[in-house]
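Quick note on labels: first sequence line is chain A, next is B, and so on, each numbered from 1.
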Amino acid sequence: MRRAWPALVFAAVLALFERLAAGRWPLLAVWMLAAFAASAIALRAIPWRRIADRLGPRPAVLYFILVRHFAAVLAGETGRTFRARSLCIARRYGPGWFRSLAWASAAVLRRGVIRAERLYAALAVRGFE
Amino acid sequence: MSLEVRELSFAYDGRRILDSISFCVAPGESVALLGANGAGKSTLLWCILGLLKASGTVRLFGAQPGRKTLARCGVVFQNPEDQLFMPCILDDVALGLLNRGVPRQTAREAALEALRQAGLEACAAEPAGRLSLGQRKRAAIALALAARPELLVLDEPTSELDGRSSRELAAALNRLRITKLIASHDLVFIGRTAARAIVLDSGSILADAPAATILRDQALLEKAGLV
């Protein structure tokens, strides 16, 4: 449930914008939450690893493995960067709190791109294009 | 005690990473956490700092790890890029001081002084991405020392450094009269910097003795996968 907080906050902001801008009930937010819930359930319930092993190295399987691997890499980068930031920030909402949050987020994006390039290079040298 | 660890255990994905770790570190002591890759050194550091939730007891300066106790620690990550995310390294080094309420000018001066001591004064306005790996490591160490910590925690401090930089870092650490906890598998560096060593193997403590004694024990080092 703790991991769902960002999605819930995003859905709430989306619902607010939809209500303010279009003056209607928040359909987009409901769709987003439904898609999130379906993805989370599918991710946990389906034995992806076993299916991938059974299907062998087909393009769709490789794509799935790649996405899964890159998500783990990105999660690692994000965790380490924000862990380092939390060590610098002794006072929550103190000076530099928001600025460091913005720059840490930007750093994660930049490092995500760098890691993606490295991953692409690692695949390219093994003959995957 | 600067640090007390009692019966600390940590499991991830059903796998036991740390198993009933207990030790104490006295103020001013320089302690090495020795272990091969995957022995649990970094995980132990994160658990001590309260960044990973583990079972058991950790006391930093007599209190549970939290923002107040962490403010008294300087931490150097294995990968310095993790710590250097601001637009320039001067901002990175000054960030912790600014956040603690140090006036901007004073924080800048303290950060510049820390960078000067690390030999990086000329690169103060550069983003971390433009520095070499060794320079980044030194910047991360300057960042940790700028706030004058009482406990310095270093995770694989020599992993990006060449021989000379490693020697200079050891000399710099020896000049610091603060508590140090150094996780590494660099035996030469540990021989230069630590008075006591705790050897980890598969998440358990294999030995806890003076560093010189441990570094002489070939059988122990072999068992721990260090030679």
#### Entry: Option in Leu97(B), Leu51(B), Leu143(B) with maximal non-hydrogen atom pairs under 4.5 Å from chain A
Leu51(B)
### Task
With rounding to the nearest 0.5 Å, note down the distance linking SG in Cys88(A) to CG in Leu70(B).
11.0 Å
### Message
Quick check for you: to the nearest 0.5 Å, what is the distance between Arg83(A) atom CZ and Trp46(B) atom CH2?
### Response
6.0 Å
### Message
Between Arg67(B) (side chain only) and Ile89(A) (backbone N and O only), is there a donor and an acceptor less than 3.5 Å apart?
### Response
yes
## Note on the structure
In this structure, CD of Gln83(B) is separated from CG of Leu87(A) (nearest 0.5 Å) by 7.5 Å
### Task
Verify the neighbour count for atom CZ of Arg19(A): are there more than 12 heavy atoms of other residues, nucleotides or ligands below 6.0 Å?
yes
## Note on the structure
Greatest number of non-hydrogen atom pairs under 4.5 angstrom with chain A, of Asn79(B), Asp91(B), Leu84(B), falls to Asp91(B)
### Task
Verify the neighbour count for atom CZ of Arg6(B): are there more than 12 heavy atoms of other residues, nucleotides or ligands below 6.0 Å?
yes
### Query
Going by an N to O cut-off under 4.0 Å, is there a salt bridge joining Arg111(A) and Asp82(B)?
yes
### Query
If you count heavy-atom pairs under 4.5 Å with chain B, which of Ala90(A), Ala106(A), Ala102(A) comes out on top?
Ala90(A)
### Spacing of CG belonging to Leu98(B) relative to CZ belonging to Arg91(A), to within rounding of 0.5 Å
10.5 Å
### Query
Looking at CZ of Arg99(A) and CE of Met86(B), how far apart are the two atoms once the value is rounded to the nearest 0.5 Å?
4.0 Å
### Query
Taking all atoms of both residues into account, what is the closest heavy-atom pair of Leu95(B) and Ser100(A), and its distance?
CD2-CB, 3.6 Å
### Query
Has Arg104(B) got more than 12 heavy atoms of other residues, nucleotides or ligands less than 6.0 Å from its CZ?
no
### Message
To the nearest 0.5 Å, what is the distance between CZ on Phe85(B) and OG on Ser105(A)?
### Response
9.5 Å
### Query
Under 6.0 Å from the CZ atom of Phe70(A), do we count more than 12 heavy atoms belonging to anything else shown?
yes
### Task
Could you tell me which non-hydrogen atom of Trp97(A) sits nearest to which non-hydrogen atom of Asn99(B), and how far apart they are?
N-ND2, 4.4 Å
